[in-house]
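One structure is given here, and the rest of the page talks about it.
Note on naming: letters A, B, ... go to the chains in the order of the sequence lines (proteins, then strands), and numbering restarts at 1 for each one.
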Amino acid sequence: MKALRNFLDNIKPNFEKGGKFEKLHSTFDAFETLLFVPDHTSKSGTHIHDGIDSKRTMAMVVLALVPALLFGIYNTGFQHFLALGTEASFWEMIGYGALKVLPLVIVSYGVGLGVEFMFAQIRGHEVQEGFLVSGMLIPLIVPADIPLWMVAVATVFAVVIGKEVFGGTGMNIWNPALIARAFLFFAYPSKMSGDLIWVSGMSKGEGIVDGFSGATALGEAAVLKSGEGLGRLADGGAYDLWNSFIGLIPGSIGETSTLAILLGAVILLITGIANWKIMLSVFAGGYIMALGFNAIGVNELMNVPALHQLCLGGFAFGAVFMATDPVSGARTEQGKWIYGFLIGVFAILIRVFNPAYPEGVMLAILLMNTFAPLIDHGFVQSNIKRRLKRAKVNA
Amino acid sequence: MSDIIRIKRGLDIRLLGKAEKVFGQPETPELFAVRPTEFPGLVPKLAVKPGDKVKAGTPLFYDKYRTDVKFVSPVSGEVQVVNRGERRRILEVVVKSDNANSAEDFGTINVASAKREEIIEKLLASGLWPFVKQRPYNVIANPSDTPKAIFVSAFDSSPLAPDYDFIVEGQEKEFQAGIEALSKLTEGSVNIGVNNEAASKVFTSVKGAKVTAFEGPHPAGNVGVQIHHVSPINKGEVVWTVQPQEVISIGKLVLEGVYDASRVIALTGSELDKTCYIKTKVGANIKNYVDGNVKEGNLRYISGNVLTGENIGADGYLGSYASQITVIPEGDVAEFMGWAAPGLNKFSVSRTFFTWLCGKKEFQLNANLNGGRRAIIMSGQYDKVLPMDILPEFLLKAILTEDIDKMEQLGIYELAEEDLALCEFVCTSKTEVQKILRQGIGLMIKEMS
């Protein structure tokens with residue numbers, strides 16, 4: 001380690017003001033601080049600090065995303081060979097999935113970090129770690145067959161318009177990864193919806209076994225006719241509760257497996273990185289809303305059992321990894337309950353009432369991101385009022 | 001004992017190096033200093049020059065705008081030097097002790113018959129006034145105010161804090177006299193906050209004061225937290241605060257008519273070979289106490305505790321309000337992949353380090369920031385360690401945007417730096433919370449005057 005440290009110290013002057021590679025200062029700084037936690041000590045205020053920093057925080061979230069990523073790789077291969085109707089071994093599925101998914105991850109990180117480094121250099125601040133998470137989220141919320149250039153364009157859009165225009169990590173109004181997805185959804189709808197895009201290979205018309213449909217469970221449920229029952233969503237069907245929970249269904253790469261997502265949730269909750277109030281209230285909001293629809297039950301989508309609803313689409317993924325983003329979410333403790341609950345409610349509401357947008361979670365979270373400051377404002381005002389009231393009582 | 005108030009939110013940081021309850025006998029230091037920089041907002045005017053002979057209680061400097069607020073020499077001897085900083089700002093007035101302990105005679109006070117003005121006058125003249133602080137703003141009290149109450153916190157809950165029960169042992173009489181004098185200064189009551197688990201007779205048996213017991217993690221011992229739970233400060237109200245050892249000094253003025261700067265301080269911290277308590281005086285040079293008693297390495301010497309104290313160096317002077325010296329490693333080394341390491345020596349409220357499995361382990365923490373500064377990212381971290389009905393994050397943002405109205409509405413009057421120190425400790429983004437709060441308080445003072 002000493003040799004490495006000395007090497008860094010040796011080349012450091014080149015990257016400082018006036019040095020040969022001055023323009024790469026922020027890049028050097030990013031790698032240096034990645035390798036070594038800086039030797040900065042406290043100059044004012046408390047002399048000791050908690051061991052955690054934003055790098056470790058973000059690294060924990062990325063770690064929590066790993067189960068979803070691994071399952072996504074497997075499922076991409078699984079769905080592909082299912083569609084082809086050919087037998088494939090576990091490792092063949094993994095191999096195929098990895099070939100599809102890893103390039104997306106690489107493009108997302110490469111492009112996103114490139115933009116981040118540029119902004120850090122121009123603004124003269126350190127490279128911020130927020131994108132470590134966004135860069136992993138983006139590939140997990142797109143279909144496996146999406147063209148790489150689209151991911152690149154969406155990533156640039158998300159980082160620049162979603163984050164840097166507001167001042168960088170910690171300043172953004174909306175979740176950057178969701179901005180990327182919303183951008184793709186509205187800019188390239190043909191690549192983000194329909195029955196053909198969710199299973200890798202299908203859009204190219206590769207030999208598909210007869211009777212196979214690549215529609216997602218939600219896409220299928222949306223077109224079910226009243227009174228025909230739940231189709232493949234019914235017990236024993238390909239999209240039944242168990243398969244939806246395990247995640248062996250078509251969908252965005254990381255979103256299908258509720259099980260893998262819950263593993264991530266456990267990591268986030270144990271480490272205390274994500275807020276349990278938000279997570280719990282999103283699920284509660286969704287569950288209650290779905291129960292309500294069950295009671296009305298006008299169309300078949302309303303009839304999908306509440307628990308099943310929570311396992312479909314991006315609901316669990318959104319609840320665990322997106323809604324809990326502290327920057328774009330509500331910041332008051334009471335506000336978090338309302339914020340999370342309404343995300344759950346709106347997600348199911350949009351899903352059920354607007355079949356054109358079966359992916360209601362994305363829109364619900366973006367909507368509540370927008371309203372989070374308003375919710376907080378309410379609770380801040382009530383804090384202020386309590387203080388004023390106390391003064392009057394005493395006076 | 002009447003009420004018990006249970007504090008739920010907060011954090012006890014378990015550090016190595018708690019002071020052993022024995023008195024160390026190091027050589028009495030020769031040099032003592034009073035530092036104007038310790039008193040926020042003070043513009044000092046010198047009253048002595050190097051070479052002047054002084055007694056304990058002789059003014060060294062005074063407040064330019066409130067000339068009756070005097071800062072006096074803790075010992076008798078000779079003014080050795082006046083150290084100045086940039087733009088000739090006075091940093092410290094150093095007095096070389098002659099070990100004679102001669103003191104100015106201010107005359108005893110008959111508290112029962114004395115008028116309020118008389119007591120204030122004596123406190124001002126004897127140099128004890130700067131120990132009476134006021135909330136809002138946590139600055140030296142304004143003698144012309146009448147506070148709605150006076151608060152004394154009889155225990156310190158901060159990391160490695162000295163045990164006041166041990167410190168005040170045998171000083172019932174002085175403490176009682178001090179409390180009686182203080183109770184003349186307020187229209188309300190003198191409130192003493194004691195530790196529910198253990199509190200010395202000195203505090204619990206005191207007459208003429210309202211005793212409230214507190215229970216829970218730090219900052220339960222912070223006087224600001226106690227005020228918030230007993231009698232919160234609203235706009236326009238003033239509360240005064242005094243620390244227990246300072247009450248005893250006031251008691252000695254009442255009984256003996258002298259300024260007695262004696263303090264018992266705790267010598268704490270992981271880098272000391274031997275921790276103990278020491279009988280010393282305000283402003284003592286700490287060199288004799290730490291020389292030869294510390295471990296190897298680059299160390300940080302703090303007057304006060306690790307959350308709110310001041311970095312004074314190995315040759316520095318004990319602060320006026322301090323009851324503790326803490327020595328910790330400086331930690332100015334770059335750590336390889338520190339953010340990814342399991343971190344078995346790191347303390348964290350988050351459970352991202354495996355140390356949360358280690359039970360009640362005590363930690364050796366250094367002064368490293370453990371990361372880079374960032375914009376505030378995480379939410380709810382501050383709320384978990386501030387047991388007040390205050391939204392610290394929103395208050396900080398109001399300060400950063402210099403929104404005076406919001407600052408007032410969000411409760412800046414109730415806070416001192418020490419109350420938000422834990423917020424600064426836990427902050428993932430390493431925000432300088434205490435510094436920002438002091439800026440806000442500075443703005444408020446400017447705006448309201």
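- The closest donor-acceptor contact from the side chain of A:H47 to the backbone of B:G309 lies under 3.5 Å.
- Taking the salt bridge (charged side-chain N to carboxylate O under 4.0 Å, His left out) definition, one finds that A:R331 meets it with B:E393, sequence neighbours left out.
- Only the side chain of B:F394 comes within contact range of chain A, with heavy atoms under 4.5 Å apart.
- In this structure, chain A has heavy atoms under 4.5 Å from both the backbone and the side chain of B:V306.
- For the salt bridge (charged side-chain N to carboxylate O under 4.0 Å, His left out) with B:D389, the qualifying choice from A:R390, A:K389, A:R386 is A:R386, the only one to do so.
- Neither the backbone nor the side chain of A:N275 comes within contact range of chain B, judged by heavy atoms closer than 4.5 Å.
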- Starting from the C-alpha separation in whole Å, work towards a yes-or-no answer on side chain to side chain contact (heavy atoms under 4.5 Å, CB included) for B:K430 and A:H40. CA-CA 11 Å; B:K430 315 294 173 192; A:H40 302 166; over 6 Å; no

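- With a 6.0 Å radius and a threshold of 12 heavy atoms from other residues, nucleotides or ligands, B:K384 has its NZ atom at or below the threshold.
- Of the two parts of B:I328, only the side chain, counted from C-beta on, holds a non-hydrogen atom closer than 4.5 Å to a non-hydrogen atom of chain A.
- Ranking B:G236, B:S348, B:G331, B:G371 against chain A, the residue ahead of the rest is B:S348, based on heavy-atom pairs under 4.5 Å.
- With rounding to the nearest 0.5 Å, the separation of CD in A:Q381 from CD in B:Q409 is 6.5 Å.
- For A:L63, no part lies near chain B; criterion is any non-hydrogen pair under 4.5 Å.
- The salt bridge (charged side-chain N to carboxylate O under 4.0 Å, His left out) test applied to B:K406 returns no partner, not counting sequence neighbours.
- If you take CD1 on B:I13 and CD1 on A:I48, they are separated by 4.0 Å, rounding to the nearest 0.5 Å.
- When B:L437, B:L365, B:L410 are compared by the number of non-hydrogen pairs under 4.5 Å with chain A, B:L410 comes out ahead.
- Taking non-hydrogen atoms and a 4.5 Å limit, the residue list of residues 332-342 of chain A in contact with chain B, ordered by number, reads A:T332, A:E333, A:K336.
- For B:R351 (side chain) and A:I270 (main-chain N/O), a donor-acceptor pair under 3.5 Å exists by modelled atom type.
- Interface check for chain B: of the options A:D376, A:I267, A:D50, the most heavy-atom pairs under 4.5 Å are formed by A:D50.
- Put simply, of B:E418, B:E417, B:E414, B:E408, the one with the most heavy-atom pairs under 4.5 Å next to chain A is B:E414.
- Environment of OH in A:Y109: crowded, with over 12 heavy atoms of neighbouring residues, nucleotides or ligands closer than 6.0 Å.
- Residue A:T57 touches chain B through its side chain alone, counting heavy-atom pairs closer than 4.5 Å.
- Residue-level contacts of residues 163-172 of chain A with chain B, in order of numbering, are A:T169, A:G170, A:M171; threshold 4.5 Å between heavy atoms.
- One distance of note links OG of A:S42 with CD of B:Q434; it measures 9.0 Å at 0.5 Å rounding.
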- Residues A:S44, B:R438; criterion side chain to side chain contact (heavy atoms under 4.5 Å, CB included); working and verdict: CA-CA 11 Å; A:S44 81; B:R438 182 42 72 181; over 6 Å; no

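- At a threshold of 4.5 Å between non-hydrogen side-chain atoms, the residues B:T428 and A:I52 count as touching.
- Ranked by non-hydrogen atom pairs under 4.5 Å with chain A, the options B:L422, B:N366, B:L307, B:T308 are led by B:L307.
- In terms of non-hydrogen atom pairs under 4.5 Å with chain A, the most contact-rich of B:K346, B:E432, B:M378, B:K435 is B:M378.
- A distance of 5.0 Å separates CZ of B:R300 from OG1 of A:T41, quoted to the nearest 0.5 Å.
- No other option in B:I377, B:L391, B:I376, B:I390 has as many heavy-atom pairs under 4.5 Å with chain A as B:I377.
- B:S429 does not touch chain A: none of its heavy atoms, backbone or side chain, sits under 4.5 Å away.
- For A:I278, no part lies near chain B; criterion is any non-hydrogen pair under 4.5 Å.
- For the options A:V327, A:D325, A:I273, A:I384, heavy-atom pairs under 4.5 Å to chain B are most numerous at A:I384.
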